[in-house]
Chemist: 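Attaching a single structure in structure tokens format; questions to follow.
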There are 2 protein chains.
Amino acid sequence: MKIIYRPERDSLELPGILYALGDPVRLTIVTRLASKGELTCGIAYPDLIPKSTLSHHLKILREAGVIHVRQQGREYHNSLRRDDLEARFPGLLRTIVDVAVPR
Amino acid sequence: MKIIYRPERDSLELPGILYALGDPVRLTIVTRLASKGELTCGIAYPDLIPKSTLSHHLKILREAGVIHVRQQGREYHNSLRRDDLEARFPGLLRTIVDVAVPR
DNA sequence: GAAATAGTTCGATACTATCGAACTATTGAA
DNA sequence: TTCAATAGTTCGATAGTATCGAACTATTTC
């Protein structure tokens with residue numbers, strides 16, 4: 001695994017985060033992470049989408065600071081950066097996930 | 001003024017709205033509308049930005065259903081579609097505006 | 001009518017997204 | 001310890017989107 005750019009908490013930017021969430025695939029990934037906690041790339045979006053495209057989407061989420069990656073063997077476990085997001089933008093993630101999944 | 005596409009309340013899509021807000025210029029426009037109520041194109045973003053670019057940004061906000069345009073003479077007054085947004089995505093706009101303007 | 005004003009549309013260039021193919025890295029077995 | 005399988009990234013080509021100046025449209029005012 002290469003050096004992955006990961007913005008510090010204090011340099012999280014709201015437009016970048018909203019942009020990252022403003023795509024159907026990425027928003028679905030985020031809502032799944034919100035309910036499931038941690039997912040590998042392969043099952044983060046288990047639909048017919050090429051893995052190169054999925055990798056691209058996860059990179060955008062990472063670089064925006066929405067998700068964190070933990071490598072374990074050959075699996076890359078993705079999870080939401082809940083604490084950092086909550087600290088910088090209180091209530092944002094919860095509100096978006098709430099309205100994204102109307103139940 | 002031509003026919004302007006304007007999505008109905010029920011067809012507002014969350015990814016499209018987040019995408020529209022996921023740009024620094026457009027997010028600034030929205031926070032200004034949130035505090036000032038209604039603004040014309042020209043003063044929605046009173047910085048050095050070409051008016052063709054500004055027009056493009058406002059179109060994206062309109063087509064995502066974030067703002068509404070009212071023509072009065074040769075001025076186009078833009079305002080947030082607060083009620084529609086609140087009905088479809090409760091708390092979303094307020095939360096985003098709150099965290100966008102940290103005060 | 002002509003000039004001024006508010007904003008849109010057009011067209012060219014630059015940037016970003018998608019997806020198959022090739023690549024890297026780790027695991028597990030022969 | 002080499003080989004195959006697996007998980008994901010990177011590359012490269014094509015398609016789509018953004019930016020901004022220039023031209024255009026519509027409305028007001030003189």
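Residue numbering restarts at 1 for every chain, and letters A, B, ... go by the order of the sequence lines. Source: prediction; values computed, not measured.
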Chemist: Are the side chain of B/R62 and the backbone N or O of B/I67 linked by a donor-acceptor pair below 3.5 Å?
Modeler: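 No.
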
Chemist: So do the side chains of B/T40 and B/N78 get within less than 4.5 Å of each other, counting heavy atoms only?
Modeler: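 Not touching, per the 4.5 Å side-chain cut-off.
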
Chemist: Which residues pass the side chain to side chain donor-acceptor pair (under 3.5 Å) test with A/E38, sequence neighbours left out?
Modeler: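 Expected list: A/R70.
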
Chemist: For B/L54 and C/dA6, give me the distance from atom CG to atom C1', rounded to whole Å.
Modeler: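 Spelled out: CG on B/L54 to C1' on C/dA6 is 11 Å.
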
Chemist: Could you tell me how far apart B/K51 (NZ) and C/dT9 (C1') are, to the nearest whole angstrom?
Modeler: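 Nearest whole value for this atom pair: 12 Å.
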
Chemist: Please tabulate, for the side chains in residues 14-28 of chain B, all donor-acceptor contacts under 3.5 angstrom to protein atoms that are two or more places apart in sequence or on a different chain.
Modeler:
residue, atom, partner, partner atom, Å
B/D23, OD1, B/V25, N, 2.9
B/D23, OD1, B/R26, N, 3.1
B/R26, NE, B/A20, O, 2.7
B/R26, NH1, B/H57, ND1, 3.0
B/R26, NH2, B/Y19, O, 3.4
B/T28, OG1, B/P24, O, 2.8

Chemist: Could you give the CD1-to-P distance, from A/I29 to D/dG8, as a whole number of Å?
Modeler: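 So the CD1-P distance, A/I29 to D/dG8, works out to 12 Å.
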
Chemist: Grab the CZ-P distance between A/R74 and D/dG8 for me, whole Å please.
Modeler: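 Result: 10 Å.
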
Chemist: Roughly how many Å is it from CG in A/N78 to P in D/dA7, rounded to a whole number?
Modeler: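 Value for this atom pair: 14 Å.
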
Chemist: Can you tell me how far P of C/dA6 sits from CD1 of B/I43, to the nearest Å?
Modeler: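 After rounding, the reported distance stands at 10 Å.
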
Chemist: Between the protein and nucleotides 14-19 of chain C, list the N/O to N/O atom pairs that are separated by less than 3.5 angstrom.
Modeler:
residue, atom, partner, partner atom, Å
C/dA17, OP1, A/Y19, OH, 2.5
C/dT18, OP2, A/H57, NE2, 3.2
C/dC19, OP2, A/T53, OG1, 3.3

Chemist: Round to a whole Å and report the spacing from CD of A/E75 to P of C/dT27.
Modeler: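 It works out to 10 Å between those atoms.
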
Chemist: Rounding to a whole Å, what distance do you find between B/H77:NE2 and C/dA6:P?
Modeler: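 In whole Å, C/dA6 P lies 11 Å from B/H77 NE2.
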
Chemist: Would you tell me if any nitrogen or oxygen in the side chain of A/R62 comes within less than 4.0 Å of OP1 or OP2 on D/dT9?
Modeler: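 The answer is yes; a side-chain N or O of A/R62 sits under 4.0 Å from OP1 or OP2.
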
Chemist: Do A/V101 and A/T31 have side chains that get closer than 4.5 Å, going by heavy atoms?
Modeler: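 Yes; the side chains approach each other to less than 4.5 Å.
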
Chemist: Does any N or O in the side chain of A/E86 come within less than 3.5 Å of the main-chain N or O of A/G91, such that one atom is a donor and the other an acceptor?
Modeler: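 It does hold such a pair.
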
